[in-house]
There are 2 protein chains.
Amino acid sequence: MSPVPMYEVIYGDLLSQIKAGALAPGDRLPSEPTLASQYGVSRMTVRQALDQLEAEHVVVRRRGSGTYVAQPSSTYRRMNRLGSFGEEMGVSEVSTEMKFQGAVVAPDEVRTRLGLKPRQKATRLLRVRLVSGSPAAVQESWLPYSLAPQLAREELVGGSLYRTLFERWGVKLKWAEQTISAVAADAERAGWLGVAQGSPLIWITRVAFADDGTPIELAHSWTRPEFPLLARLET
Amino acid sequence: MSPVPMYEVIYGDLLSQIKAGALAPGDRLPSEPTLASQYGVSRMTVRQALDQLEAEHVVVRRRGSGTYVAQPSSTYRRMNRLGSFGEEMGVSEVSTEMKFQGAVVAPDEVRTRLGLKPRQKATRLLRVRLVSGSPAAVQESWLPYSLAPQLAREELVGGSLYRTLFERWGVKLKWAEQTISAVAADAERAGWLGVAQGSPLIWITRVAFADDGTPIELAHSWTRPEFPLLARLET
DNA sequence: GAGTGGTCTAGACCACATG
DNA sequence: ATGTGGTCTAGACCACTCA
């Protein structure tokens with residue numbers, strides 16, 4: 001058997017066509033029997049691919065009618081999926097100012113959340129994110145130093161921590177737990193973000209995990225309220 | 001064919017057993033072939049039930065090993081699912097002070113978001129939510145008046161707007177789009193919530209939809225930062 | 001090596017939507 | 001009436017885990 005399952009191939013094909021615009025919102029996809037014969041697979045296999053697209057709201061199915069490319073639900077991007085800051089911001093132009101990058105002894109909170117031993121080192125990244133040139137968020141990330149020592153020195157691949165972890169160290173983050181709250185800007189962050197001290201910021205604390213459940217990253221972010229999170233909730 | 005599909009029966013059975021504690025976190029479920037013969041169905045049908053449980057993180061599958069009841073991921077409750085305020089808060093004791101309940105001409109924002117015609121009326125509910133007796137959030141809900149006129153007068157079923165909509169009017173909310181931001185408390189909300197004016201609050205704007213896509217509710221909520229949102233993100 | 005979940009087949013009947 | 005997606009069967013081979 002091919003290393004990649006057929007239903008993932010079909011899933012990928014359809015997703016590409018939709019992203020490329022070959023299949024526009026509202027368009028009907030080929031029927032399940034049609035796809036099955038096109039790909040030379042059984043209908044159950046086609047359904048596995050469509051199940052996945054449906055779960056991600058890329059398509060909607062209507063019994064007796066067909067499967068259609070979903071309307072891009074006006075809002076909701078970001079959130080629900082774990083992605084890089086750039087991806088979360090969508091098409092906007094994102095740049096980064098690195099304020100600190102190095103290895104330090106992990107403070108208690110970091111030790112606890114990442115499961116490090118006392119006096120174990122951690123890599124700390126402190127970044128200011130700019131959207132279209134104006135400051136939008138401060139991000140402070142902590143990772144076990146031993147996981148990727150060069151991370152404390154080298155430049156990030158494409159400015160993305162997650163990409164660097166994956167491409168240089170083979171570390172793939174699988175899921176994250178976030179708490180979202182609000183906090184008043186302290187003097188330092190207010191300065192970086194260009195807001196008044198004491199003004200409200202969106203404060204997110206995130207722990208990201210590898211597929212085996214190992215905690216990899218503890219991150220705090222402080223975002224200006226002009227850049228809200230968008231989320232879609234299901235019943 | 002039975003009105004309820006077999007895979008839903010199996011799904012429900014397993015979920016009940018897990019919720020009741022007959023299957024505890026970490027326990028292994030019967031294997032797929034075992035379940036198939038127990039229910040007298042094919043293995044593919046069993047897999048449909050398990051697929052659903054897995055997608056909801058109720059179970060985890062390990063190839064070559066078995067399917068296990070998931071560990072209740074310490075944190076993450078709330079968010080990701082659309083539920084009542086009480087459910088979101090988990091087991092905590094929740095009470096409500098109704099500050100306003102009535103029908104008014106819909107302001108522009110409400111008209112736009114709910115798709116109402118000019119001068120059409122809307123029901124406005126303004127509530128302060130208390131957790132264990134101390135104020136946690138202010139919620140302002142707007143609904144089309146014509147949808148459920150009595151809503152402007154009657155008491156809510158079990159103090160829950162969503163339960164009232166469903167049990168008294170048969171309206172079932174299917175999904176919602178939320179934007180989450182932060183905002184400084186104004187004088188009125190600061191007073192209700194017992195915080196200083198200007199202190200940061202979590203500010204959520206939500207539009208909830210029925211299964212046919214009709215917008216049913218526009219809600220704003222202002223929550224004290226001591227009650228953060230918890231969310232789980234997937235890759 | 002035995003058992004598990006992952007993938008896949010080649011059919012089938014059904015409920016439903018649309019022309 | 002035709003075609004669609006929803007459900008289901010009774011097998012199969014595979015990759016993987018674990019004793």
Side-chain angles (χ1 to χ4, degrees), chain A residues 1-15 18 23 25-71 172 174 210-213, chain B residues 1-15 18 23 25-71 174 211-213 234-235:
Chain A
M1 196 178 311
S2 156
V4 45
M6 270 311 293
Y7 72 87
E8 281 192 15
V9 172
I10 301 170
Y11 164 86
D13 280 3
L14 293 172
L15 190 57
I18 291 167
L23 287 167
D27 282 1
R28 199 174 81 178
L29 272 63
S31 75
E32 296 178 355
T34 304
L35 286 168
S37 81
Q38 278 178 8
Y39 283 95
V41 300
S42 81
R43 193 179 146 218
M44 290 299 281
T45 302
V46 168
R47 283 184 62 79
Q48 265 184 282
L50 293 178
D51 284 348
Q52 201 172 329
L53 289 169
E54 186 185 31
E56 295 168 4
H57 301 108
V58 176
V59 303
V60 286
R61 279 158 149 163
R62 285 199 268 279
R63 175 181 339 205
S65 172
T67 301
Y68 300 82
V69 179
Q71 299 295 335
K172 192 148 179 49
K174 187 78 181 308
D211 13 16
D212 63 357
Chain B
M1 196 179 311
S2 154
V4 45
M6 270 309 294
Y7 73 87
E8 280 192 15
V9 172
I10 301 171
Y11 164 86
D13 280 2
L14 293 172
L15 190 57
I18 290 167
L23 287 167
D27 282 2
R28 200 174 80 180
L29 272 64
S31 75
E32 296 178 354
T34 305
L35 286 169
S37 79
Q38 277 178 9
Y39 283 95
V41 300
S42 81
R43 194 178 146 218
M44 289 300 281
T45 302
V46 168
R47 282 183 63 79
Q48 265 185 283
L50 292 177
D51 284 348
Q52 202 172 330
L53 290 169
E54 187 186 29
E56 296 168 1
H57 301 109
V58 176
V59 303
V60 285
R61 280 162 152 159
R62 284 199 268 278
R63 172 178 348 200
S65 172
T67 301
Y68 300 82
V69 180
Q71 300 295 334
K174 185 78 181 309
D211 16 15
D212 63 355
E234 310 293 327
T235 305

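So that the names make sense, note that chain A is the first sequence line, chain B the second, and so on, each numbered from 1. Fair warning: this is a prediction, and the values are worked out from it, not measured in the lab.
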Notebook entry, point to check: Which comes earlier along DNA chain C counting from the 5' end, the contact point of T45(A) or that of S65(A), where each point is its nearest nucleotide?
Noted result: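 So the residue in question is T45(A).
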
Margin query: If you assign R62(A) and G40(A) each to the DNA chain C nucleotide with the nearest heavy atom, which residue ends up on the more 5' nucleotide?
Written below: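 The 5'-side residue here is G40(A).
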
Next item on the list: Taking only the side-chain nitrogens and oxygens of Y7(A), find out if one of them lies under 4.0 Å from OP1 or OP2 of dC8(C).
Entry: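 No.
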
Check: Is the shortest side-chain N/O distance from T67(B) to OP1 or OP2 of dG5(C) below 4.0 Å?
Finding: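 Yes, within the criterion.
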
Margin query: Could you walk me through whether Q38(A) and L35(A) satisfy the side chain to side chain contact (heavy atoms under 4.5 Å, CB included) test, starting with their C-alpha distance in whole Å, then the side-chain angles of each, then the deciding distance to 0.1 Å, before giving a yes or no?
Written below: CA-CA 5 Å; Q38(A) 278 178 8; L35(A) 286 168; 3.8 Å; yes

Quick one: which of [options] gets closest to the side chain of [X]?
X      : options                 : value
R47(A) : dT7(D), dC8(C), dC8(D)  : dT7(D)
S31(A) : dT9(C), dT4(D), dC8(D)  : dT4(D)
R61(B) : dG5(C), dG11(C), dG6(D) : dG5(C)
M6(A)  : dG5(C), dC8(C), dT9(D)  : dC8(C)

Could you state the atom-to-atom distance from [atom1] of [X] to [atom2] of [N] in whole Å?
X      : N       : atom1 : atom2 : value
Y11(A) : dT7(C)  : OH    : C1'   : 18 Å
Y68(B) : dT17(D) : OH    : P     : 11 Å
Q52(B) : dT7(D)  : CD    : C1'   : 13 Å
D51(A) : dC8(D)  : CG    : C1'   : 14 Å
E8(A)  : dT7(C)  : CD    : C1'   : 11 Å
M44(B) : dA10(C) : CE    : C1'   : 12 Å
L35(B) : dG3(C)  : CG    : C1'   : 14 Å
Q48(A) : dC8(D)  : CD    : P     : 16 Å

Next item on the list: Decide yes or no, distance alone: a donor-acceptor N/O pair under 3.5 angstrom between the base of dG6(C) and the side-chain of R43(B).
Entry: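 Check passes, donor-acceptor contact within cut-off.
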
Notebook entry, point to check: Taking atom types as they are modelled, is there a donor-acceptor pair under 3.5 Å from the base of dG3(C) to the side chain of R63(B)?
Noted result: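 When only heavy-atom distances are counted, R63(B) does not reach the base of dG3(C) through any donor-acceptor pair under 3.5 Å.
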
Notebook entry, point to check: Rounded to the nearest 0.5 Å, how far does NE2 of H57(B) lie from CD of Q71(B)?
Noted result: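 Spacing of CD (Q71(B)) from NE2 (H57(B)) equals 14.0 Å.
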
Check: When rounded to the nearest 0.5 angstrom, what distance separates CZ in R43(A) from CZ in R47(A)?
Finding: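 Answer rounded to 0.5 Å: 5.5 Å.
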
Please report, to 0.1 Å, the donor-acceptor pairs under 3.5 Å made by any side chain of residues 4-14 of chain B, with sequence neighbours excluded.
from: Y11(B); atom 1: OH; to: E56(B); atom 2: OE1; distance (Å): 2.8
from: Y11(B); atom 1: OH; to: E56(B); atom 2: OE2; distance (Å): 3.3
from: D13(B); atom 1: OD2; to: Y39(B); atom 2: OH; distance (Å): 2.7

Notebook entry, point to check: Is there a donor-acceptor pair closer than 3.5 Å between any side-chain N or O of R62(B) and the backbone N or O of Y68(B)?
Noted result: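 Answer holds: no.
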
